[in-house]
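For the numbers below, each heavy atom of this structure counts, side chains included, while hydrogens, waters and symmetry mates do not.
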Amino acid sequence: MTQRRKWTAIPGLLALAIGAVVLSAYSGASSSQNRQPVQPINFPHPLHAAGNLKLNCLYCHNTANKSPDPGLPAVGTCMGCHIVVRADKPEIKKLWTYYAMGGPTAKPIPWVRIHKVPDYVHFPHMRHVNAGVTCQTCHGQVQTMDRVYQYSSLNMGWCVKCHVNGYDPQEGLRATGYVPDTGRTVTPAGERKYARYDCANCHY
Amino acid sequence: MATTASQYPLNGQRPNIPSAAVRLPAVADYEQVDREIIGTLRPTLGWFTLLGIAVLCLLIGITAWMYQIYSGLGVAGYHPPVMWGVYIITFVFWIGIGHAGTLISAILYLFRAGFRTSIYRCAEAMTVFAVMTAGLFPILHLGRPWKFFWLIPYPNWRLIWPQFKSPLVWDVFAILTYLTVSSTFLYIGLIPDIAVLRDRETNPVRKAIYATLSLGWRNSDREWRHFTRAYLFLAAFSTPLVLSVHSVVSFDFAMALVPGWHTTVFPPYFVAGAIFSGLGMVFTIIIPIRKFFRLQHYVTLNDLDAAAKMCLFTSMVVGLAYLTEFQVAWMSGNKFEQEYFWNRVFGQWAWAAWIMLLCNMVLPLSLFSQRLRRNPSWLFILSLFINLGMWFERFVIVVPSLSHEYEPWQWGSYAPTFVDYSILLGSFGWFFMWFLLFIKQLPVMAISELKEVVPPKRKHPHPDEFEHSRDEGIAHPFITGEHELPGGAH
Amino acid sequence: MSEPTKPAGVRRREFLKVLGAGTAAATAAACTYAGPEETGKLIPYLVSPDQTVPGVSTYYATLCRECSAGCGVIAETRDGRAIKLEGNPEHPLNRGALCARGQAGLQGLYNPDRFRTPMIKSGSAWRAATWDEAINLLAQNLGETRGRGVLGTGVFLNQHESGSFPAFLDSWLASYGMRPHLSVDFEADHGAIDAHRRAYGASWPRWNLADAKLVISFGADFLDGWGASVPHQLDFAEARAKIKDAPRFIYIGPRRSLTGLNADQWIASKPGGELAIANFLLGRGDANAASQASGVSPATLQRLAQEFASAKPALVLAGGGGDNGVELVSAAAALNAVKPAAGDAITSLDGIARTSDVIATVERMRTGQVAIAFVRGTNPAYALPKSARFADAFAKVPFKVSFSMFPDETTELCDLVLPDLHTLESWGDAESTRGTITLQQPAMDPVFTGTRSTADVLIAVAKKDSAVASRFADADYRAWLFKRLPGGGSAQTMTAALAKGILPGSSAARAAAPAAPAAITPAASTTGDFFLVTYLSPSLGDGRGANKPWLQELPDPVTKVLWSSWAEIHPETATRLGIERGDILEVKTSAGSIRVPALVYLGVRPDTIAVPLGQGHASPAQSTWFDGKDKAVQWGYGRYARAVGANALDLLPARSNAGGGVIGTTRCSISKTGEQTTVVSTEGSARQHGRGIAQAISVNEIDAHGEQVEHEVKPPGDAPHKFLPGLRSPVAADAQGELGSPTAADQGVLQGLYDPKNPAKMTKRRWAMTVDLARCTGCSACVTACYSENNIPTVGAPWQNGVVYATHSPGFNITRGREMNWLRLERYYEGAEDGRFTEDFEARFIPMLCQHCGNAPCEPVCPVYATYHAPDGLNVQVYNRCVGTRYCSNNCPYKVRYFNWFGYGEPDRVQYAFPDPLHWQLNPDVTVRTKGVMEKCSFCVQRIREAEHRAALEHREVEADEFTTACAAACPSRAITFGDAADANWSVTKLIEDERAYHVFEELNTYTAVVYLKKVNHPAGAVTAAEGATR
Amino acid sequence: MPGIIGAFVEIDSAVEAIEDLRRNRFNDLTVYTPTPRHEFEHALEPPPSRVRIFTLIGGLCGATFGYWIAIWTSRYWPLVVGNKPIASWVPYTIFGFEVMVLIGSLATVFALLALSRVPRLTMTVGYDPRFSGGHFGVWVATSPDRAKEAAELLRKHGAVEVRHEA
């Protein structure tokens, strides 16, 4: 009897091991999620995108709706205001040294990249932006982030979720955080936005 | 040894042995079985030398593979359009080798073929190691071997799965199943024998190991009851499995539209070829073992004779398949097929085709002669030719077909490089390393099954059991093979 | 101002780990406001002029200077880097097409062996110098020479250019009292130009091939680069496309060139014998005499005469390469019944200096009469026969300046190198056709900041000299040029003009160069039992293309040999002398000898050996390596050209023929050296074995209504033309019925992508392509276009990435069949099976690419879905999913899948195909494939997506024929048409209905999306259907 | 439960001993034999092995799973390859078969282990190494009061050794 109890533990352990393997298959999911690097200039998104400025994302990332690249603001764009505004703040001083009044020592700000899909993936920003996918859907509520971090896993399953099940505009709107969350109303399949989801849509 | 046949003339009389009757006249009792089989486990200098050579070959192969992974498949001899080469050839070769093992251990078990008892353990071990070797090659020949697991269906965050219509995925399932089942089959069969070793072993460390491996087996009637039943079912499963596996492997070719591949005859043809090559390898292995382990009175000439008959049969099946291919091409009226088969025997690759036909069709015909069937030396030499011939059979299937496909502009040639050869060598090293380790750690013959055919001690000896055999001259050394033992078996 | 830190291109580079340190910086530079050249504010071509959007291409209309023709090109730039060259549709000369050489201009721009800084030779070694240093050195030398009073003897050898620069250069030289420069083009057919001037009053008329009923060419290889090949091809293709009314084409010459293979009949005359035939046609002399001189049977000549008489009108062309070149061309002009209109003549070939003048100059150098010499864009040390002994003559010149971009043979002999800018980096103009100026504007900032436009350097030098400074008040050449352009370069004219790349008017004319009389130096006594024919390689030209891997990797359209030289010998002769393909022959003439592998070729007379030019670059002075930034730069024209093949010019005597050209024929003897080599070739079997891959039809089988008469010969397996279902619906046949269910309440969402009702709406398109073999000339421009568009690595280089691996001879990987040409041009022979000499054999060219089968054999065998059928009908290859089983390639009947045997995209590999800065040419929209994956033609899926994106942004559908693939865009014979076969508005849908349409290996039931239109043969007189219908 | 072990050299004496024991209502017997002999089967008349049920169930589950995984994954991301049905049962039969064999065999092995109570981490009382060699052992599990009787029977039938085990 006692002996039997001893070895009946073995199949149990085996089952656990199998379960662990299956779960570990998911561990490949974007290891870089929630990465929050330090930027050369501590740019406060809340100050610009929220607060009383409420700049539109497209003010700085001005090609997000017409190019695969969202676009980073040129240093000149920043200087547009900061040539006068808050010119005494240490972070702004950094900005000035980068700009150097367009002189020979001027150099672009080496921002640290956060959201990146592998290069065999083609992610045309404009198609998504023009389809009504809100920035926050993928990038999170940047307007509330003191330091931006990688919000989504950016792994393939995450992309495909929307492409197959369709994108719910209401949900996207809610994701922005600008409209109050008034209970979940799931949009019927017909009214969602669908995209093709065969490989060649993004991989070529 | 080759001359021994003439030392014991039979005055022209064929010894005709009913296989159901006494199997091992030269084996007296259970203790002798234990003593002699366990006696083979003592490592010898020669064994260490062979093992050393095997490991060396393996290391060469590993180095070559590392180099190939680093710089890309280009270092192998691939020459588009020949996109498959030595690796796939060798893969099919080893899978084929594996089949004889399962055939002998499972199919012959179901058919109650007596001569299987003494050789099936070796054959089965050969199967497992051959499949282990073969299993490496599909990974080895990948452009990105580190991604091989994409062929295995496992839940992943990409939400994508293998393409189950691809013969290569069929391969993955067939081979993994085959490896699992055949290794389980081998291990189950081993448990009682390991129990024997455990009980005979004096060295505490080895004893502990054997004790663990034997899972506390104790030969109780209850264990035996379930054991025989389970063994039967496993054999029943393995039988269709072994047929399916090589059929699936043949689908890799038959499902493609390459002239020379796209043929319905492939599955039976491949299965027969596999068993044929496997028997070849069995001879290559068992004949030296019975000699150097002095087990001639276990693996008797009767057993070799029976195996040789099967070898001859499969050889003729394969030969028929070869000819069928040509006949089909000829009658198909398909220009591509016809040009290919003409090219096979008279073109660029004629030499390979003729090696194949000679080794697999012509030489085995010698087995019609009983004297040669019962001549271990000849069987050994022949087996080497068979191995060679079967490797070239796969070469003839893979390379010439691809090098002369539909598009004349892309016709090409093929020449393996040292990388291909090193990895081929390495595969033999890998196989024989495992096999050598096996034969000195575990019994090369199924002790408990041998005991089934050895008469147990009795208070009142049976009138009808075994005695009749003695006066039928069955114990004639020419049959028992005792004469091959310098100084006899005991 | 785009953001410098992460333009799309650079991002892709990062992924490929090929981000050179310079890239970000240079990209930034491309976007800064600073700099006098103002390249940051160039006027874009297609998008709104005031801004460029990062990650979206900007297009600049500019000029091609790879040969003298001067075609207009569109440079596609992305984030400040030019990534693709295509023909300018607005341009009158090339009308949107561009040849392989033109497209490879990109690899001149990004050539890793370009000079990065000025170089000064001190002793035998070279050192990098600053511009101030270099310019001072030049100014100082000019001063000293003037001081010695011999400055007037200075010589400037400039590559032939049309446009304003020659005038500018002359004025600069004049201001120093130097004589006008020599405008050198070693490729020019001087004989033809002379004769054309006399006969037509233009050095290069525009032939109206379309008007002719019969075209006879006496060795005029107008498809191989004779004169301006692109316009010739366009016109020829247009003429041939008029199936019934198309001209029959007869080629007369000792070797069947690409042009010859496109002819319906070949008359193999002896070199120099063409004149006799022409005279015979003119009625001077009788058939036997002509037969004597030309080695052609009188019967053939009689038939030719009859045909010439009956076929009206006949267009007769002739090449002036031979000793009697001028007479021949004049005779041809006399025969020519289709008079070219003088108005639209090609003017870019005006004013080329005769080689006789160049040789005369060399002789002056030899006698020490030249005090200072300048060389720009031309390479006499290589392109003149060795027997001209240019090197030692040149050495006699006290001070020699080179403006070359590349470390070529001549530059190595100079004392000072002032590296020029590439055409795509500098300003200029050309007058390719009368009355139209083609503008050359920089498409990007200079790749290397250490290089400067020669014109600007000359101005800077002039400014150093008080005596001449006043003459050059302009800040730079651009200012100088704009002033002289019609409209004075005012902002609005230039905005309009640069957008189109052309400007009506004429550029500043050059004072007529002193026209020396055609000096016919007596031919050196030549002996030998064979005629030797040397010809310009269609891809390498006179050798200037040899340092561009795309052109080296481009198989010669005729022999399909690449990365090497060869000697063509007829099989009959070869068997007689016991020579086999690959035997290394020693070809000897009185002038010299070379060792080249033998290549048996049906299309050459048994008494003739033909050797191509363009290879065999070597470092004459064996200078030490230039120790600039890139250790890899070697003399001898850089890593891709050096020690590849042999230079056939070594065989030619240093004399100029009648017209003043140097490339001609002579006599030679050949001997086996006993050595053997593998001829580097992409050719498997040159015969179709009756498999109906490249099919042809005789024009007689097509009756008046264009209906095709059914004929007996069928391909093996004989399948009917049932391809349309495969083309009408994206999935060849809805085999499972589960793709679209009529009752789907969810608008097909759950039914998947293939459901027509799926909101993604992908199933409505079926991308397809037609290739008209009646148009295709086999020029292979499409192949290079594909390489350029799809980041295809070149694999044949003996050494790339600056690393020598001498164990591999040039093209080693190609002898292993590992070339990556997604689109390859197959050339099959018909007839002449027995190896005996006959003029009567046919060549069929067929571009073979992925057929995007509706029923693709490659798809179901892939274990990981790396290849599958897209809803819009593409057969997709997903590189990042591929594990490299190569099963798909085994199962592909067309063998159009290519495998990455090595890490061609990994910078740390010897096989790295894009050594810095070549990786800047990579197309950011296409993934560079990693080691161990399969790749193949994608129907330029990136262009499809781009068009879809554009349409989506403009809230419209993709319009019919809105875009096309790279190969179709480049094709100079307009043979390739791409489009949506499921939409009747696309022109491709009409073409697949053509009676000549067929599928390759139709009997395999693959439902290919590539439809070929049969080649049309024009047999002499009336022939039976069977003859023309050989498949 | 304590008992008595008797070791025999001859097989027939062991068989007789067993029959005699059973006649004397000693029913909890275990026989140790180096090799399965049908003599003991006859003497003990055991119930048929239950391995077969496991095998059957395992095989059926396997076949179902094989088909299911292939069909479900194909439909899960429906991509057309070579114009073939997205889920085509014909080739998927291979998976049905292979997985049936796989799970079936594993179930059989599991049954063998479970039913014959291996692996056991300690050796059972009464077992003797000889029983894997040439000897046959008969283990009689019995209460101490009847132990003597059982021992007698064993000796009577010629057990070379009889040992009391607790």
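Using the six-membered ring where Trp is involved, C:F1001 and B:F336 have ring planes that are perpendicular, over 60° apart on the 30 and 60° scheme.
Comparing B:S166, B:A256, B:S413 by heavy-atom pairs within less than 4.5 Å of chain C, the highest count is held by B:S166. By number of non-hydrogen pairs under 4.5 angstrom with chain C, the leading residue of B:L151, B:V82, B:L257 is B:L257. Top candidate by heavy-atom pairs under 4.5 Å with chain B, chosen from C:S889, C:C862, C:A686, is C:C862. When each of B:I160, B:I88, B:V258 is checked for heavy-atom pairs under 4.5 Å with chain C, B:I160 comes out on top. The candidate with the highest count of non-hydrogen atom pairs below 4.5 Å against chain B, out of C:E819, C:K560, C:R824, is C:R824.
Put simply, CG on B:L402 and CZ on C:R886 are 10.5 Å apart, with the number rounded to the nearest 0.5 Å. Taking CD of B:Q410 as the start and NZ of C:K895 as the end, the distance is 8.5 Å to the nearest 0.5 Å. Here C:M848 contributes atom CE and B:E407 contributes atom CD; the two are 4.5 Å apart, rounded to the nearest 0.5 Å. Rounding to the nearest 0.5 angstrom, the gap separating the CD atom in B:Q163 from the CZ atom in C:R881 is 10.5 Å. Atoms CD1 and NZ, on B:I69 and C:K931 in that order, are 8.5 Å from each other to the nearest 0.5 Å.
Residues B:W84 and C:T885 come closest through the heavy atom pair NE1-O, 2.8 Å. The two atoms that bring C:F899 and B:G143 nearest to each other are CZ-CA, 3.6 Å, heavy atoms only. Shown here for B:P81 and C:N890, the closest heavy-atom pair between the two residues is O-OD1, 4.1 Å. Across all their heavy atoms, C:V861 and B:P167 have their closest contact at CA-CD, 4.2 Å. Here the shortest heavy-atom pairing between B:E405 and C:P893 reads OE1-CA, 4.2 Å.
One N or O on the side chain of B:R144 and one on the backbone of C:C882 form a donor-acceptor pair closer than 3.5 Å.
By the 6.0 Å and 45° rule, C:R818 does not stack over the aromatic ring of B:Y78.
Residues C:P863 and B:V172 have side chains not in contact (no heavy-atom distance under 4.5 Å, counting atoms from C-beta outward). Between B:K147 and C:V864 the shortest side-chain heavy-atom distance does not fall below 4.5 Å. Looking at C:W901 and B:P80, their side chains come closer than 4.5 Å, going by heavy atoms from C-beta outward.
No more than 12 heavy atoms of other residues, nucleotides or ligands lie within 6.0 Å of OH in B:Y67, so this atom counts as exposed by the packing criterion. Within a 6.0 Å radius of CD in B:Q327, other residues, nucleotides and ligands contribute more than 12 heavy atoms.
A salt bridge links C:R691 with B:E339: at least one charged nitrogen is closer than 4.0 Å to a carboxylate oxygen.
Proximity to chain B (any heavy atom under 4.5 Å) is restricted, for C:R897, to the backbone atoms N, CA, C and O. Interface residue C:R827: backbone and side-chain heavy atoms are both found under 4.5 Å from chain B. The part of C:P857 that comes within reach of chain B is its side chain, from C-beta onward, which places non-hydrogen atoms under 4.5 angstrom from that chain. Contacts between B:F253 and chain C at a heavy-atom distance below 4.5 Å involve the backbone alone (N, CA, C, O). Looking at B:Y87, there are no atoms closer than 4.5 Å to chain C (heavy atoms on both sides), in backbone or side chain. Proximity to chain C (any heavy atom under 4.5 Å) is shown, for B:V75, by both the backbone and the side chain. Heavy-atom distances place no part of B:I152 under 4.5 Å from chain C, backbone and side chain included. Contacts of B:Y70 with chain C are made by both backbone and side-chain atoms, with heavy-atom separations under 4.5 Å.
Ring centroid separation for the pair C:Y865 and B:W161 does not come in under the 6.0 Å cut-off.
The only option from C:Y894, C:F845, C:Y828 that meets the ring pair (Phe, Tyr, Trp, His ring centres under 6.0 Å) definition with B:W409 turns out to be C:Y828.
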